[in-house]
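Numbering of ligands and ligand atoms starts at 1, following listing order.
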Amino acid sequence: MIKHAVIPAAGFGTRFLPATKAQPKEMLPIIDKPTIQFVIEEAVNSGIRDILIITGRGKRSIEDHFDKSYELEEYLKKKGETRLLEEIEKISSLASIHYVRQKEQRGLGDAVMCAKEHVRSEPFALLLGDTIVESKVPLTRQLTDKYSKYKGSIIAVEEVEEENIQKYGIVKGKKIASDTYEIESLVEKPAPSAAPSNLGIIGRYVLTPEIFDALKKAPEGKGGEIQLTDAMNLLCKNQRMYASTFEGERFDIGNRLDYAKAFLKMGIARKDIGSELEEYAKKLVK
Ligand code: UTP
């Protein structure tokens, strides 16, 4: 059973400047719910109760968001509108949320390394704090189920367009089931001509604790950055690792078009504003 979820949220979010100059990308809302709340809900709905968020400078509002807010609660109670806070309180009570700071933004691999003392020798789920996945069965649940079946690290992938290959970590694997590959190697952001496939890593993983040794051995890239993909490439030489396509739609909130799509799709799916928004979208298209 997977008990821990690790959520890196310490990056600069430069692709989303200026919005991310003074606020974390992970706090960008889809209508009225911050991105990272969707991510935590996915972990909780996958049966995980222990959550570690990797934060950094300028990310205080993430901690505040999941903290109790006595003054606001009192105020809303007086107005008889406690329902608004119930959702967040529910999460805080369902999961125990911990924080650790990444001192310097040295890449996703370095951020994951910050989780070592917390998860120790247990496997863990890793969910990028800027990526939302809409699916019937939470994607992390799909992965933890497969982890139990295959007994090895497993990462979610999707087929990406050729022109986008160089934005992703790419997996080379042998197909062992309609939606599962045994990984042979991984490469970070290859040129499309050098890419071993079009299977891109999208930000959901279940990893064995041996990833921490691999991260120590991974080569440093530009600006001392440590790539998780490089570490996973070392790990797959020593233990079986798997990649899985999945049912659902993924939104990278650090990408402007994805953010706009998420807003529209999730807005239309809402009971309160959905039908009006859909009407408006149709009118715009006409
Ligand atoms: P990204 O590479 O998408 O985030 O990392 P970034 O570096 O913040 O974004 P850009 O490219 O500058 O726009 C995916 C996730 O990993 C976290 C980010 O916060 C994001 O949620 N991350 C990234 C860290 O926690 N630490 C890092 O050093 C880098």
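- In terms of protein heavy-atom proximity, atom 13 (O) of ligand 1 is nearest to Arg15 N, 2.7 Å.
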Run the salt bridge (charged side-chain N to carboxylate O under 4.0 Å, His left out) check on Asp252 and Arg15 step by step: do they pass?
-> CA-CA 11 Å; Asp252 169 7; Arg15 284 174 297 152; 3.1 Å; yes
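- The protein heavy atom nearest to atom 8 (O) of ligand 1 is Gly13 N, 2.7 Å.
- Residue Lys59 places no N or O, backbone or side chain, under 3.5 Å from any N or O of ligand 1.
- Ligand 1 lies nowhere less than 4.0 angstrom from a heavy atom belonging to Gly254.
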In sequence, state the C-alpha distance, the side-chain angles, and the governing distance for Phe212 and Phe124, and then conclude on ring pair (Phe, Tyr, Trp, His ring centres under 6.0 Å).
-> CA-CA 12 Å; Phe212 297 119; Phe124 60 97; 5.5 Å; yes
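- Given atom 28 (O) of ligand 1, the protein heavy atom at minimum distance is Gly107 N, 2.8 Å.
- Note that OG of Ser244 and CG of Leu143 are 6.0 Å apart. Values are rounded to the nearest 0.5 Å.
- Because its NZ or CZ atom is both nearer than 6.0 Å to the ring centre of Phe16 and within 45° of the ring axis, Arg256 counts as a cation-pi partner of that residue.
- Defined by atom type and a distance below 3.5 Å, a donor-acceptor pair is missing between the side-chain atoms of Ser135 and Glu247.
- The pair Lys59-Glu26 meets the salt-bridge criterion, since a charged nitrogen lies less than 4.0 angstrom from a carboxylate oxygen.
- On a distance-only criterion, Phe12 and ligand 1 share at least one N/O pair closer than 3.5 Å.
- Between Lys3 and Asp50 no salt bridge is recorded (no basic side-chain N to carboxylate O distance below 4.0 Å).
- Proximity of Ile54 to ligand 1, defined as any heavy-atom pair under 4.0 Å, is not found for any part of the residue.
- Residues Glu220 and Arg106 are paired through a salt bridge, judged by an N-O separation under 4.0 Å between the basic side chain and the carboxylate.
- Less than 4.0 angstrom separates atom 2 (O) of ligand 1 from none of the non-hydrogen atoms of the protein.
- Nearest-heavy-atom check against atom 10 (P) of ligand 1 across Leu127, Ile7, Thr14 picks out Thr14.
- Using a 4.0 Å cutoff on heavy atoms, Leu108 counts as a contact of ligand 1.
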Quick one: do Arg49 and Val44 satisfy side chain to side chain contact (heavy atoms under 4.5 Å, CB included)? Show the steps, please.
-> CA-CA 6 Å; Arg49 298 286 175 262; Val44 168; 3.6 Å; yes
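- Electrostatic pairing of Glu184 and Lys174 does not count as a salt bridge here, judged by no charged N lying under 4.0 Å from a carboxylate O.
- With ligand atoms numbered from 1 in the order given, ligand 1 contributes 28 (O) to contacts under 4.0 Å with heavy atoms of Arg106.
- Among all non-hydrogen protein atoms, the one lying nearest atom 22 (N) of ligand 1 is Gly11 N, 3.5 Å.
- In terms of polar-atom proximity, defined here as any N/O pair under 3.5 Å, Ala111 makes no such contact with ligand 1.
- Looking only at protein heavy atoms, the nearest one to atom 25 (O) of ligand 1 is Ala10 N, 2.8 Å.
- A cation-pi geometry, defined here as NZ or CZ lying under 6.0 Å from the six-membered ring centre and within 45° of its normal, holds between Lys33 and Phe38.
- When only interatomic distances are considered, the shortest N/O to N/O separation between Pro8 and ligand 1 falls below 3.5 Å.
- Atom 15 (C) of ligand 1 has as its closest protein heavy atom Asp130 OD1, 4.0 Å.
- Considering only non-hydrogen atoms, atom 26 (N) of ligand 1 lies nearest to Gln102 out of Gln105, Lys25, Gln102.
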